[in-house]
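Predicted model, so just to flag it, every value in this text is computed and none were measured. Throughout, protein chains are lettered first and strands after them, A, B, ... in sequence-line order, and every chain is numbered starting at 1.
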Amino acid sequence: MPELPDVEHLRRTWARDTAGRTIRRTVVTDPGILRGDVTPDVLDAALRGRRLEEPDRIGKWLLARTDGPTVILHFGMDGGLRWAESPDGRHRHDRVIFVTDAGEMRFRNMRKLGGLWLAHDEGALATVLAQVGPDALALEPREVAARLRTRRGQVKSALMDQALLSGVGNLIADEILWQARLHPKRRLEELTDQGLLDLARVTRSVLREAVNRYDYLSRKRSWLNHVRGRPGAACPRCGTPLERTVAAGRTTWFCPACQPAPPAA
DNA sequence: TCAGTTGTTTATAT
DNA sequence: AATATAAACAACTG
């Protein structure tokens, strides 16, 4: 699930459920989810007795702050959070559990892409996030356009480059390009300034609406993601059968009528 | 059995 | 130097 809107949802979940709580202990059921030099003992010692504070988010990264260290979570392809009042019903993919004075937050992650980092101060936090660009939703469209303008090559590749702009994943990139009527393999250097600005505006509007709907973008019938990936699916705008290709190394769906291919090389 | 999966990193090639 | 591609990671679903 996790692209920017999903992680924002997780951030709000974390904030709501852990507000005012104190960490009693942490349970690491699978050390293979720990990143950097943190170990189960180090994590527990660092967090025991700490008060949970308002979490932040940059792109797909959740920064779970305490009155001491910050826990950094990345959810990979299928990670998530579950809050429970008691230790009952833990799932085998709950890799780390933050036990508080009134319930526990579980970091679930089936495939163990992503993981957990621990930063003892802002310097360590900056080190972990050194390659992460500005949050895609925190920038004005003109700023997004200016960043895109520094790049050449396939537009989808740039949208998904987390160092250029953080938060846009494969599904959202397809949605943005479909709404902007741009073929995923169009080249950035071919786009006009106005074209880039339009793309940046669509980017913000897709992210904003997905975040404000509070879950994801799949329910909206007028959007590509409502039908994306289904065999024989038709473009919600014009009814043309969607096509599948690979761009930026990822499965990509687009409408061949609304998103005309770039001129052959 | 095999292909496919919302992400990132690394290696390799162009 | 930038960009493009593929593989690897891990665990599951259909």
- prompt: Below 4.0 angstrom from OP1 or OP2 of B/dT8, is there any side-chain N or O of A/His74?
  reply: yes
message: What is the separation between atom CZ on A/Arg250 and atom P on B/dT9, rounded to the nearest whole Å?
response: 13 Å
task: Decide if atom CZ of A/Arg82 counts as having more than 12 heavy atoms of other residues, nucleotides or ligands within a radius under 6.0 Å.
output: no
message: Need to verify one output field. Residue with the more 5' nearest nucleotide on DNA chain B, A/Met110 or A/Gln131?
response: A/Met110
field: Atom-pair distance (CZ on A/Arg244; C1' on B/dA3), nearest Å
entry: 9 Å
field: Sugar-phosphate only, base, or nothing, as touched by A/Gly153 at under 4.0 Å among non-hydrogen atoms
entry: sugar-phosphate
task: Could you walk me through whether A/Trp223 and A/Val206 pass side chain to side chain contact (heavy atoms under 4.5 Å, CB included), step by step?
output: CA-CA 10 Å; A/Trp223 281 21; A/Val206 166; 4.2 Å; yes
- request: Please state how far atom CG in A/Leu164 lies from atom P in C/dA4, giving the value in whole angstrom units.
  value: 13 Å
message: Can you tell me if A/Lys112 touches the phosphate of C/dC9, counting only side-chain N or O atoms and a distance under 4.0 Å to OP1 or OP2?
response: no
message: Is there a side-chain contact between A/Arg151 and the phosphate of C/dA2, meaning an N or O under 4.0 Å from OP1 or OP2?
response: no
query: Quick one: A/Met77 CE to B/dT5 C1', roughly how many Å, whole number?
result: 5 Å
query: Using Watson-Crick and G-U wobble pairs whose two distances are both under 3.5 Å, how do you write the pairing of DNA chain C as dot-bracket, with | for links to another strand?
result: .||||||||.||||
query: Does the side chain of A/Lys60 get closer than 4.0 angstrom to OP1 or OP2 of B/dT8 through an N or O atom?
result: yes
- prompt: Touch check for A/Gly169, heavy atoms < 4.0 angstrom, all strands: base, sugar-phosphate only, or nothing?
  reply: sugar-phosphate
Any donor-acceptor N or O pair under 3.5 Å, side chains A/Asp88, A/Ser86: yes
- prompt: Looking at A/Val28, A/Leu43, A/Asn109, A/Thr26, which one forms a side-chain contact (heavy atoms from CB on, under 4.5 Å) with A/Leu116?
  reply: A/Leu43
- prompt: Can you tell me if the side-chain N/O atoms of A/Arg152 get under 4.0 Å from OP1 or OP2 in C/dA1?
  reply: no
message: I need the CZ-P distance between A/Arg92 and C/dA11, as an integer number of Å.
response: 8 Å
query: Taking CG from A/Asp161 and C1' from C/dT3, how many angstroms apart are they, rounded to a whole number?
result: 11 Å
Spacing of A/Lys156 atom NZ relative to B/dT6 atom C1', expressed in whole Å: 11 Å
query: Is NZ or CZ of A/Arg237 both nearer than 6.0 Å to the six-membered ring centre of A/Trp178 and within 45° of the ring axis?
result: yes
task: Report yes if at least one side-chain N or O of A/Ser157 is closer than 4.0 Å to OP1 or OP2 of C/dA4; otherwise report no.
output: yes
- prompt: Should we count CG of A/Asp67 as having more than 12 external heavy atoms under 6.0 Å?
  reply: yes
- prompt: When the P atoms of B/dA3 and C/dA6 are considered, how many whole Å apart are they?
  reply: 16 Å
message: Below the 4.0 Å mark, does B/dT5 have OP1 or OP2 next to a side-chain nitrogen or oxygen of A/Thr251?
response: yes
message: Does a side-chain N or O of A/Arg187 approach OP1 or OP2 of C/dA4 to a distance below 4.0 Å, or not?
response: yes
statement: Exactly one of A/Phe75, A/Phe98, A/Trp83 clears ring-ring contact (aromatic ring centres under 6.0 Å, His included) with A/Phe107, and that residue is A/Phe75
task: Could you tell me the separation between the NE2 atom of A/His91 and the C1' atom of C/dA11, rounded to a whole number of Å?
output: 11 Å
- request: Could you walk me through whether A/Asp17 and A/Glu85 pass side chain to side chain contact (heavy atoms under 4.5 Å, CB included), step by step?
  value: CA-CA 10 Å; A/Asp17 293 333; A/Glu85 301 291 332; over 6 Å; no
Nearest listed nucleotide, side chain of A/Gln162, among C/dA11, C/dT5, B/dT8: B/dT8
query: With sugar-phosphate meaning primed atoms plus P, OP1 and OP2, does A/Arg35 contact a base, only sugar-phosphate, or nothing at under 4.0 Å between heavy atoms?
result: nothing
